[in-house]
A.B. asks: 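Got a structure here, written out as structure tokens. Questions coming.
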Amino acid sequence: MFRRIDHIGVAVAEIDASLALWRDGFQMEVAHREVVEEQGVEAVLLDVGENHVELLAPLGEDTPVGKFLAKKGPGLHHVAYQVGDIDATLATLKQSGMALIDEQPRIGIRGSRVAFLHPRATAGVLTEIVEPAAGLEAH
């Protein structure tokens, strides 16, 4: 079902300040930076081998990441797994009784199709499944 870990999402208050640790301190290369209006975040992907760390800064307090920061503070937000066919994966998960936040995929960073599984169904970990845009499967 899952091909590999795509990325680990980390909620941060502000991207540029956070890059001092992730880019400069850990010497991770910035692979991509984008505002994802639909999800209410500014996101930065940093390379870690074939995977990424995704820094997520909210565009406002009333966004999902903004609410997360207000409740829990900065830190681990989600784990994302790459899939080949997100529609088939969602159908399989739904059929098995998995609690889904998204029953239909939405657009994520770099044009990927994404959906979230509810933490109550995944041992308390917010889980994202990602179908990369064509040509980005190995990036």
Side-chain angles (χ1 to χ4, degrees):
M1 178 176 294
F2 299 149
R3 291 182 171 178
R4 66 179 182 91
I5 292 176
D6 187 81
H7 66 270
I8 304 297
V10 178
V12 300
E14 205 276 320
I15 293 289
D16 289 324
S18 299
L19 287 173
L21 171 64
W22 298 91
R23 180 194 58 208
D24 304 336
F26 294 154
Q27 299 181 0
M28 293 180 184
E29 185 176 332
V30 172
H32 185 77
R33 186 171 184 165
E34 175 181 347
V35 171
V36 185
E37 293 284 346
E38 181 177 331
Q39 294 189 29
V41 296
E42 179 178 8
V44 170
L45 290 175
L46 297 126
D47 287 337
V48 181
E50 69 174 13
N51 306 81
H52 297 97
V53 170
E54 180 184 45
L55 303 179
L56 300 162
L59 297 179
E61 294 176 7
D62 61 338
T63 64
V65 173
K67 292 174 185 174
F68 177 92
L69 284 172
K71 183 176 180 181
K72 297 184 179 184
L76 180 64
H77 183 262
H78 66 272
V79 177
Y81 298 94
Q82 191 175 107
V83 299
D85 182 341
I86 196 168
D87 297 304
T89 302
L90 282 171
T92 299
L93 292 169
K94 185 175 181 179
Q95 185 177 18
S96 72
M98 184 75 58
L100 307 176
I101 292 173
D102 300 306
E103 292 196 15
Q104 298 297 319
R106 51 180 141 151
I107 300 301
I109 194 168
R110 297 194 300 182
S112 60
R113 297 177 69 216
V114 304
F116 287 88
L117 313 180
H118 201 286
R120 73 172 168 261
T122 55
V125 178
L126 180 61
T127 301
E128 180 181 16
I129 56 175
V130 178
E131 179 185 310
L136 292 176
E137 293 84 0
H139 297 96

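What you see is a predicted model, and the numbers here were worked out from it, not measured in a lab.
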A.B. asks: Distance check, rounded to the nearest 0.5 Å: D24 atom CG versus S18 atom OG?
C.D. replies: 11.0 Å

A.B. asks: Closest approach of E131 and I86, non-hydrogen atoms and distance?
C.D. replies: OE1-N, 2.8 Å

A.B. asks: Report the distance from atom CG of L126 to atom CG of L76, rounding to the nearest 0.5 Å.
C.D. replies: 9.0 Å

A.B. asks: Considering only heavy atoms from C-beta outward, does the side chain of I109 approach that of H32 to under 4.5 Å?
C.D. replies: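 Yes, side chains in contact.
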
A.B. asks: Taking the basic N atoms (NZ, or NE/NH1/NH2) and the acidic carboxylate oxygens, is any pair closer than 4.0 Å for D16 and R23?
C.D. replies: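 Salt bridge between D16 and R23, a charged N being under 4.0 Å from a carboxylate O: no.
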
A.B. asks: Test side-chain contact (heavy atoms from CB on, under 4.5 Å) on H77 and F68 and set out the steps.
C.D. replies: CA-CA 8 Å; H77 183 262; F68 177 92; 3.5 Å; yes

A.B. asks: Hey, could you give me the OG1/CD distance between T63 and E38, rounded to the nearest 0.5 Å?
C.D. replies: 13.5 Å

A.B. asks: Set out, in order, the CA-CA distance, both residues' side-chain angles and the distance that settles side-chain contact (heavy atoms from CB on, under 4.5 Å) for H52 and D47, then state yes or no.
C.D. replies: CA-CA 5 Å; H52 297 97; D47 287 337; 3.1 Å; yes

A.B. asks: I'd like to know whether M28 forms a side-chain contact (heavy atoms from CB on, under 4.5 Å) with V48, so could you lay out the CA-CA distance, the side-chain angles of the two residues, the decisive distance to 0.1 Å, and finally the verdict.
C.D. replies: CA-CA 7 Å; M28 293 180 184; V48 181; 3.6 Å; yes

A.B. asks: Taking the side chain as C-beta and beyond, is there a heavy-atom pair between D102 and R106 under 4.5 Å?
C.D. replies: yes

A.B. asks: Do L117 and I101 make a side-chain contact, defined as non-hydrogen atoms from C-beta onward lying under 4.5 Å apart?
C.D. replies: no

A.B. asks: So, does R4 use its side chain to make a donor-acceptor pair with the main chain of E50 at under 3.5 Å?
C.D. replies: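 Answer holds: yes.
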
A.B. asks: When rounded to the nearest 0.5 angstrom, what is the spacing between CG in L69 and NZ in K71?
C.D. replies: 13.0 Å

A.B. asks: Which pair of non-hydrogen atoms, one from G111 and one from A133, has the smallest distance, and what is that distance?
C.D. replies: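 Closest heavy-atom pair between G111 and A133: O-CB, 3.7 Å.
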
A.B. asks: A side-chain contact here means heavy atoms from C-beta on lying under 4.5 Å apart; do R33 and L45 qualify?
C.D. replies: no

A.B. asks: Are the side chains of L56 and E42 in touch, meaning some heavy atoms are under 4.5 Å apart?
C.D. replies: no

A.B. asks: Less than 4.5 Å apart, side chain to side chain, heavy atoms only: is that true for T89 and M1?
C.D. replies: yes

A.B. asks: Between S112 (side chain) and R110 (backbone), is there a donor-acceptor pair under 3.5 Å?
C.D. replies: no

A.B. asks: Other members of the hydrophobic cluster containing V130, with the 4.5 Å side-chain heavy-atom rule, please.
C.D. replies: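 The other cluster members (ILVMFWY side chains, heavy atoms under 4.5 Å, direct or chained) are V114.
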
A.B. asks: State whether a side-chain donor-acceptor pair under 3.5 Å links H7 with E128.
C.D. replies: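 Short answer, yes.
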
A.B. asks: Please test L55 against W22 for side-chain contact (heavy atoms from CB on, under 4.5 Å), starting from the C-alpha separation and ending with a verdict.
C.D. replies: CA-CA 9 Å; L55 303 179; W22 298 91; 3.7 Å; yes

A.B. asks: State, with a plain yes or no, whether a side-chain heavy atom of I129 is found less than 4.5 Å away from one of L90.
C.D. replies: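 The answer is yes, as the side chains (C-beta and beyond) meet within the 4.5 Å cut-off.
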
A.B. asks: Considering only residues two or more places apart or on different chains, which pairs with a residue in residues 104-128 satisfy ring pair (Phe, Tyr, Trp, His ring centres under 6.0 Å)?
C.D. replies: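 Counting only pairs at least two positions apart or across chains, the ring pair (Phe, Tyr, Trp, His ring centres under 6.0 Å) contacts touching residues 104-128 are H78-F116.
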
A.B. asks: Say whether V65 and V35 are linked into one hydrophobic cluster, either directly or through other cluster members, by side-chain heavy-atom distances under 4.5 angstrom.
C.D. replies: no

A.B. asks: Going only through I, L, V, M, F, W and Y residues with side-chain contacts under 4.5 Å, is there a path from V44 to V41?
C.D. replies: no

A.B. asks: If we only count heavy atoms from C-beta on, is the E54 to V10 side-chain gap below 4.5 Å?
C.D. replies: no

A.B. asks: On a heavy-atom basis, which atom in P58 and which in G66 lie closest, and how many Å separate them?
C.D. replies: CB-N, 3.4 Å

A.B. asks: Quick check for you: to the nearest 0.5 Å, what is the distance between L21 atom CG and F26 atom CZ?
C.D. replies: 4.0 Å

A.B. asks: Ignoring hydrogens, what is the shortest heavy-atom contact between G108 and Q39? Give both atom names and the distance.
C.D. replies: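 That would be CA-NE2, 3.7 Å.
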
A.B. asks: So which heavy atom on D87 is nearest to which on P105, and how close?
C.D. replies: OD1-CG, 3.6 Å

A.B. asks: Test of understanding: clusters of I, L, V, M, F, W, Y form through side-chain heavy atoms closer than 4.5 Å, transitively. Do I8 and V83 belong to the same one?
C.D. replies: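 Same hydrophobic cluster.
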
A.B. asks: Would you mind checking if E61 and K67 are paired as a salt bridge, meaning a charged N to carboxylate O distance below 4.0 Å?
C.D. replies: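 Salt bridge absent between K67 and E61.
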
